[in-house]
Amino acid sequence: DSVAPEINFTADIVKFDLANIEALTGGQLKNTKGGINGRISATGNATNPDIEGEINFKNASFTPTMVNSEFTLENETIRLEGEEILLSNFRIKDKQNNIAKIDGKITSQAFQNFALNLKLTANKFQILNSTEKDNELFYGKVGATTTATITGSITQPVVNMHLNLTDDSDFTYVIPQSEKGVLEQKGIVRWIDHDAKNDPFLASVNPQDTAKATFTGIDLSANIELNDKETFNIIIDPATGDKLSVKGNSTLTLDIDPTGDMVLTGRYEISEGSYDLSFYKLVKRKFLIEKGSTITWSGNPLDATMDLRAIFEVETSPIELIAAQTDDPQQLNLYKQRLPFKVYLLIKGELMTPEISFQLDMDEASRNAFGGVVYAKLRDINTRESDLNKQVFALLILKRFISDNPLDNRAGSDVASTARRSVSKLLSEQLNRLSENVKVVELTFDVKSYEDYSSGSAEGQTDLQLGLSKSLLNDRLVVKVSGNFEVEGDRSDGNSASDYLGDLALEYKLTEDGRFRIRGFRNTNFDMISGELQETGVGLIYIKDYNTLRELFKANAKDE
């Protein structure tokens with residue numbers, strides 16, 4: 001009878017630098033540091049040896065590229081005893097020294113089949129710390145407190161988990177533009193290559209020669225608790241930047257079977273949030289979502305059903321709505337009073353293909369204004385989608401209503417207003433002509449005069465814009481300052497130097513001909529979303545004169 005060979009050897013791992021394995025991960029790991037050491041001995045039958053020893057991690061750290069969160073193993077040990085791999089108080093630290101701990105063992109049969117019996121606990125452990133540069137589909141900062149049991153086999157683990165996210169979690173998911181088309185086509189179009197059986201290359205391939213994956217999938221069941229503190233962002237349209245941002249509470253159940261099918265169930269009730277709506281990148285409006293709006297999952301995570309109600313508030317004059325109902329100038333003048341209005345954005349249907357509609361409304365305290373005439377007009381407009389969309393568009397873009405004849409602007413069509421605008425233009429031209437006689441610096445003037453109805457009645461408003469520029473260093477450096485000075489209006493008595501010297505620009509010619517220039521600026525602008533804001537920046541300018549497009553790409557002509 002043949003005797004099975006016996007083995008008896010010991011391997012000492014003095015030091016292995018973990019940075020050596022980073023290149024083997026295909027970019028999935030980065031910033032790999034630290035090392036491992038240990039001692040492993042194997043004795044007995046070669047087919048079923050008795051293995052004893054340990055592997056020690058010393059100041060080891062790594063960062064999975066997709067989540068961009070650094071994990072550290074300071075001084076952790078994995079023990080091998082017989083056919084068991086033991087993990088006792090095996091701790092993983094995140095960047096803020098929060099700990100995820102693993103306890104349990106992995107049991108093998110002749111080191112071929114591995115059975116799992118592990119417990120995972122974590123407290124405010126950061127599992128995601130990424131930006132759009134790390135992953136275009138999802139990113140953010142997410143921490144988790146969890147308890148989980150991991151059983152089953154290494155080829156098909158079974159995970160049961162209870163998960164709470166940290167209060168400062170901020171997660172963004174981007175819906176790809178092509179995602180809906182791909183989902184619609186799935187299972188409908190099937191490509192079959194009838195020439196495959198005649199292909200000599202394919203015919204020579206033996207499937208038994210190819211590598212076979214042993215991992216058959218994960219069986220996951222997770223309860224996810226949300227409590228009004230976590231922020232979730234869903235970018236509906238990456239091209240325009242339309243984004244849904246919400247906070248809410250819910251208990252969601254996520255199940256993943258070994259085939260990869262995911263089922264998410266639960267009702268997410270929104271406590272606060274917003275929807276950013278864009279019009280061709282020209283205008284952005286932020287709608288505030290009403291408390292009680294919901295997102296419901298009952299299967300595929302991408303098939304969520306939305307029932308959202310969001311509000312955009314605007315204060316404007318209702319005269320354009322009522323202008324066609326009366327010709328009395330005195331009565332029309334009353335409707336120039338500004339009132340608060342609400343534009344409701346209603347989002348219903350599936351997350352991938354939302355149904356968006358609008359509705360106009362007023363606060364209860366304002367509904368009786370002018371005897372309820374304005375509110376009655378709004379209710380009438382809501383019954384006709386074409387008229388409703390026209391007024392919503394005007395409120396969102398222009399922040400005012402438009403009349404049935406959009407060329408008839410009752411809010412500023414009187415003779416006095418026309419005269420004021422004409423005088424503004426005349427004064428600007430005359431002041432600029434006078435400034436041509438000033439040789440030391442260059443001056444520019446712009447006068448704007450109009451009627452302001454913000455107080456409920458017509459009040460004169462006149463603004464003077466002053467611009468000053470000076471060339472230095474043989475005309476290589478140009479310094480420009482400008483700003484507004486209120487001549488007529490509520491704040492005309494409180495003007496200071498900062499009011500009309502608020503904007504600054506420095507422009508330097510990098511080349512003598514001025515073709516390449518660098519420009520720095522500090523401007524005060526009015527943004528439709530944020531209101532008044534200050535912008536500071538720097539830019540590189542290239543200037544070239546050409547008569548045809550071909551000349552733009554030619555080298556500059558040399559001077560004779």
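Predicted model only: the values in this text are computed from it and were never measured. Computed from heavy atoms alone, side chains included, the values below leave out hydrogens, waters and symmetry copies.
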| Residue pair Glu313 / Ile311, side-chain heavy-atom distance below 4.5 Å | yes

| task | Please answer whether the main-chain N or O of Glu315 pairs with a side-chain N or O of Arg338 as donor and acceptor at a distance below 3.5 Å. | result | yes

| No-hydrogen, no-angle side-chain donor-acceptor test under 3.5 Å, Asn98 and Asn123 | no

| Any sub-3.5 Å donor-acceptor pair from Asp170's side-chain atoms to Gly140's backbone N or O? | no

| said: For Lys509, I'd like to know if atom NZ has over 12 heavy atoms of other residues, nucleotides or ligands within 6.0 Å. | reply: yes

| Between Asn333 (side chain) and Lys336 (backbone), is there a donor-acceptor pair under 3.5 Å? | no

| message | Is any side-chain heavy atom of Met306 closer than 4.5 Å to one of Glu355? | response | no

| Take atom CD in Glu385; do more than 12 heavy atoms of anything else shown fall under 6.0 Å from it? | no

| Under the side chain to side chain donor-acceptor pair (under 3.5 Å) test, residues paired with Asp307 that sit two or more places apart | Lys348

| request: Could you check if a side-chain atom of Leu395 sits within less than 4.5 angstrom of a side-chain atom of Thr316, using non-hydrogen atoms only? | output: yes

| said: Enumerate the salt bridge (Lys or Arg N to Asp or Glu O under 4.0 Å) contacts for residues 267-278, please, sequence neighbours excluded, ordered by first and then second residue. | reply: Arg267-Glu269, Asp276-Lys286

| message | Testing the basics here: between Arg379 and Thr383, what is the closest heavy-atom pair and its distance to 0.1 Å? | response | O-CG2, 3.4 Å

| message | Using side-chain heavy atoms (C-beta onward) and a distance below 4.5 Å, is Ile518 in contact with Val538? | response | yes

| message | A side-chain contact here means heavy atoms from C-beta on lying under 4.5 Å apart; do Leu277 and Lys284 qualify? | response | no

| query | Have Asp228 and Asn249 got a donor and an acceptor in their side chains that come within less than 3.5 Å? | reply | yes

| field | Gap separating the CG atom of Leu226 from the OG atom of Ser271, nearest 0.5 angstrom | value | 10.5 Å

| task | Determine whether Ile234 and Val174 make a side-chain contact, defined as any pair of heavy atoms from C-beta on separated by less than 4.5 Å. | result | no

| request: For the residue pair His162 and Thr146, establish whether any side-chain heavy-atom pair is separated by less than 4.5 Å. | output: no

| query | When rounded to the nearest 0.5 angstrom, what is the spacing between CD1 in Ile356 and CD1 in Ile347? | reply | 5.0 Å

| request: State the CD1-OG1 distance between Ile256 and Thr259, to the nearest 0.5 angstrom. | output: 10.0 Å

| request: Looking only at non-hydrogen atoms, find the nearest pair between Glu225 and Glu230 and report the distance. | output: O-OE2, 4.2 Å

| task | Could you grab the distance from atom CD1 of Ile295 to atom OG1 of Thr305, nearest 0.5 Å is fine? | result | 10.0 Å

| request: Please report the closest heavy-atom contact between Val343 and Leu396, naming both atoms and the distance. | output: CG1-CD2, 4.4 Å

| Where does the angle between the aromatic ring planes of Phe287 and Phe358 fall among parallel (under 30°), tilted (30 to 60°) and perpendicular (over 60°)? | tilted

| Identified side-chain hydrogen bond (donor to acceptor under 3.5 Å, both in side chains) partner of Thr172 from the options Thr131, Asn233, Thr231 | Asn233

| task | Starting from the C-alpha separation in whole Å, work towards a yes-or-no answer on side-chain contact (heavy atoms from CB on, under 4.5 Å) for Tyr508 and Arg519. | result | CA-CA 6 Å; Tyr508 182 75; Arg519 184 174 186 270; over 6 Å; no

| Derivation and outcome, ring pair (Phe, Tyr, Trp, His ring centres under 6.0 Å), residues Phe341 and Phe401 | CA-CA 10 Å; Phe341 295 91; Phe401 292 103; 4.9 Å; yes

| said: Suppose we screen for ring-ring contact (aromatic ring centres under 6.0 Å, His included). Which residues come up paired with Phe138, at least two apart in sequence or across chains? | reply: none

| said: Tell me whether Gln96 at atom CD has more than 12 heavy atoms from other residues, nucleotides or ligands lying less than 6.0 Å away. | reply: yes

| Can you check salt bridge (charged side-chain N to carboxylate O under 4.0 Å, His left out) on Asp94 and Lys124, steps first, answer last? | CA-CA 10 Å; Asp94 64 10; Lys124 298 182 180 179; over 6 Å; no

| Check against side-chain contact (heavy atoms from CB on, under 4.5 Å), Ile381 and Lys390 | CA-CA 10 Å; Ile381 291 174; Lys390 179 178 69 174; over 6 Å; no

| message | To check you understand the geometry: which heavy-atom pair defines the closest contact between Met362 and Leu378, and what is its length? | response | CG-CD1, 3.4 Å

| query | Going through the distances and angles, do Gln359 and Leu346 end up as a side-chain contact (heavy atoms from CB on, under 4.5 Å)? | reply | CA-CA 8 Å; Gln359 188 176 3; Leu346 309 178; 4.1 Å; yes

| task | If the plane angle is over 60° it's perpendicular, under 30° parallel, otherwise tilted; pick one for Tyr268 and Phe232. | result | perpendicular

| Who are the ring-ring contact (aromatic ring centres under 6.0 Å, His included) partners of Tyr344, not counting sequence neighbours? | none

| Centroid-centroid under 6.0 Å between Tyr139 and Phe171 rings | no

| query | Any chance the side chains of Ser69 and Asn129 put a donor and an acceptor closer than 3.5 Å? | reply | no

| request: Tell me yes or no: between the side chains of Asn164 and Thr145, is some donor less than 3.5 Å from an acceptor? | output: no

| Looking only at heavy atoms, what is the nearest atom pair of Lys247 and Lys229, with distance? | CE-O, 3.8 Å

| said: Working to the nearest 0.5 angstrom, can you tell me the gap between Leu510 CG and Ile541 CD1? | reply: 9.5 Å

| message | List the residues meeting side chain to side chain donor-acceptor pair (under 3.5 Å) with Glu70, not counting sequence neighbours, and say none if there are none. | response | Lys95

| request: Start with the C-alpha gap between Ile289 and Val246, add the side-chain angles, then the distance that decides, and say whether side-chain contact (heavy atoms from CB on, under 4.5 Å) holds. | output: CA-CA 8 Å; Ile289 297 177; Val246 295; 3.8 Å; yes

| Where do Ser317 and Tyr335 come nearest, in terms of heavy atoms and distance? | OG-O, 2.7 Å

| query | Rounded to the nearest 0.5 Å, what separation is found between the CG atom of Leu321 and the NZ atom of Lys377? | reply | 7.0 Å

| field | For Asn223, all residues meeting side chain to side chain donor-acceptor pair (under 3.5 Å), sequence neighbours excluded | value | Thr253

| Below 4.5 Å, heavy atoms only, C-beta onward: do Ile402 and Glu320 meet side chain to side chain? | no

| Are Asp363 and Lys342 close enough, and set up right, to give a salt bridge (charged side-chain N to carboxylate O under 4.0 Å, His left out), and what steps lead you there? | CA-CA 8 Å; Asp363 290 326; Lys342 292 183 176 182; 2.8 Å; yes

| query | Going by atom types only, do Ser130 and Asn135 share a side-chain donor-acceptor pair under 3.5 Å? | reply | no

